[in-house]
Amino acid sequence: MLNRLVDEALIANLDIAEAAARVDEARAQARLAGAARFPSVSGSAGASYSDSPLAGTSFGNFAGPASRLTNETYSTGLNFAYELDFWGRIRNDARAARADLFAAEADLRTARLGVLADTIATYFEVVDLRTQIALSVGTIDVLQDRTENTERRYDRGLASSFELYQIRQDYRNIQSALPQRESQLTAAEGRLAVLLGRYAGTLREDMGNQLTPQLVFEPIPAGLPADLLIQRPDVAAAAQRFEAARFRVGARRAELFPSLSLSSSLGTQSGNPSGIFDILDNWVLNLGASLTAPLFQGGRIRANIDVAEARYAQQTASYARTVLNAYREVTA
């Protein structure tokens, strides 16, 4: 039964589904950031028509139609653009996005482990509460018989009033504790249903009434705490976010320096539609390069650097705290 519940939780749990969606988002963001490292290529096709009078033409005493200039232009082409990443801005942004992807994957592993732990713990809580309720019901039956016997003995003068009151008190205490345990069982079964992606109250029939788990405790091997500290996904996620913040500091600092962009276009241009296919006679080539340097941005670049450095400091503290908590937990 526990194996079936664990398998269902891994498939249907909504926390795992949400973490998996975050991985997909981070993977798409990594592809988006990495795409900036490559040239962009686009195709274009256009047509234009103009009709205007010739400059200097007088219409005052002109009887015929005015002289006009018409022009038709048809063009096709391929456009290329590429930014040379001298200072590592694009490269660092891509590395940061990749680190965010690794962190999201570690978060997914953390979510899976958390759901597994909660499912198993809640299952044993349900088993324990069912056992307590069964024992309470049996105890109530026994105390009810003892109360009735004590009352008969008291009526005959064979039992004291103290003994009778004590039996009745024990009987009432057990009776009053039973609804509380039943409420706790309902709450535990509800939490277990949510872990399985179900509505509360839909699990009791599937689990049945007889739950007898077999507990097997294997010996803990030497060196396990250190291995656990290395393998913990929450530590890995914090480390990757720390790296992502570090890369983004480098990317924002690179914005202080000039950027060099190359562009080119290759295509055809003609005065009639059929001429655009005459590549040998109507080809057009344009090459260009541009150097852009920030002169005045109103403090935007410096502010972005300060933001990146502050986030880097946050991730440094977060990573250190995660490592300290992980060390405490695996060595406790």
Side-chain angles (χ1 to χ4, degrees), residues 2 5-6 9-10 13-30 33 88-89 91-125 128 187-188 191-192 194-196 215-254 302-332:
L2 179 57
L5 294 177
V6 166
L10 291 176
N13 182 265
L14 299 179
D15 291 336
I16 295 178
E18 183 180 1
R22 290 198 185 99
V23 172
D24 294 337
E25 178 187 2
R27 185 176 292 112
Q29 291 287 353
R89 178 184 63 82
R91 183 171 60 255
N92 282 326
D93 278 334
R95 288 175 176 174
R98 193 70 178 173
D100 285 337
L101 172 59
F102 294 149
E105 292 174 343
D107 288 338
L108 176 58
R109 294 195 299 271
T110 301
R112 288 170 60 90
L113 290 176
V115 168
L116 290 177
D118 290 342
T119 300
I120 295 172
T122 308
Y123 170 80
F124 283 113
E125 183 180 356
D128 180 62
R191 293 197 306 272
L192 185 57
V194 172
L195 287 170
L196 302 181
L215 302 181
V216 179
F217 297 100
E218 299 292 343
I220 300 178
L224 181 60
D227 295 337
L228 288 177
L229 185 61
I230 296 174
Q231 298 175 11
R232 282 179 59 128
D234 57 338
V235 176
Q240 291 299 330
R241 289 192 171 91
F242 170 78
E243 286 295 298
R246 184 172 66 87
F247 287 134
R248 286 194 171 93
V249 170
R252 300 292 77 77
R253 287 178 177 173
R302 288 291 182 183
N304 282 333
I305 294 175
D306 292 340
V307 170
E309 290 178 344
R311 290 176 178 172
Y312 176 63
Q314 295 173 32
Q315 294 302 326
T316 301
S318 176
Y319 178 49
R321 182 178 63 250
T322 302
V323 171
L324 291 177
N325 287 331
Y327 179 80
R328 174 184 58 81
E329 291 174 359
V330 300
T331 57

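- Note that CG of Leu10 and CG of Leu196 are 10.0 Å apart. Values are rounded to the nearest 0.5 Å.
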Problem - Test side-chain contact (heavy atoms from CB on, under 4.5 Å) applied to Arg191 and Val194, step by step - result: CA-CA 5 Å; Arg191 293 197 306 272; Val194 172; 5.8 Å; no

Practice task
Under the side-chain contact (heavy atoms from CB on, under 4.5 Å) rule, what do Val6 and Tyr123 come out as? Steps first, then yes or no, please.
Solution key: CA-CA 10 Å; Val6 166; Tyr123 170 80; over 6 Å; no

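- A salt bridge does not link Glu25 to Arg22: none of the charged side-chain nitrogens sits closer than 4.0 Å to a carboxylate oxygen.
- At most 12 non-hydrogen atoms from other residues, nucleotides or ligands lie less than 6.0 angstrom from CZ of Arg311.
- Across every non-hydrogen atom of Ala97 and Gln29, the tightest pair is CB-O, 4.0 Å.
- Looking at heavy atoms from C-beta onward, Asn325 lies in side-chain contact with Arg328 at the 4.5 angstrom threshold.
- Once rounded to the nearest 0.5 Å, the distance linking CD of Gln315 with OG1 of Thr322 reads 9.0 Å.
- Of all non-hydrogen atoms in Ala326 and Val235, the two that sit nearest each other are CB-CG2, 3.7 Å.
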With a 3.5 Å cut-off and sequence neighbours excluded, list the donor-acceptor pairs that the side chains of residues 98-119 form with protein atoms.
| residue | atom | partner | partner atom | Å |
| --- | --- | --- | --- | --- |
| Asp100 | OD2 | Arg248 | NH1 | 3.1 |
| Asp100 | OD2 | Arg248 | NH2 | 2.6 |
| Asp107 | OD1 | Arg241 | NH1 | 3.4 |
| Asp107 | OD2 | Arg241 | NH1 | 3.2 |
| Asp107 | OD2 | Arg241 | NH2 | 2.3 |
| Thr110 | OG1 | Ala106 | O | 3.0 |
| Thr110 | OG1 | Asp234 | N | 3.4 |
| Thr119 | OG1 | Val115 | O | 2.7 |

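- For the pair Arg252/Arg89, a side-chain contact is recorded, criterion being any heavy-atom separation below 4.5 Å from C-beta on.
- Remark: Phe242 pairs with Tyr312, Tyr319 by the ring-ring contact (aromatic ring centres under 6.0 Å, His included) rule, at least two apart or across chains.
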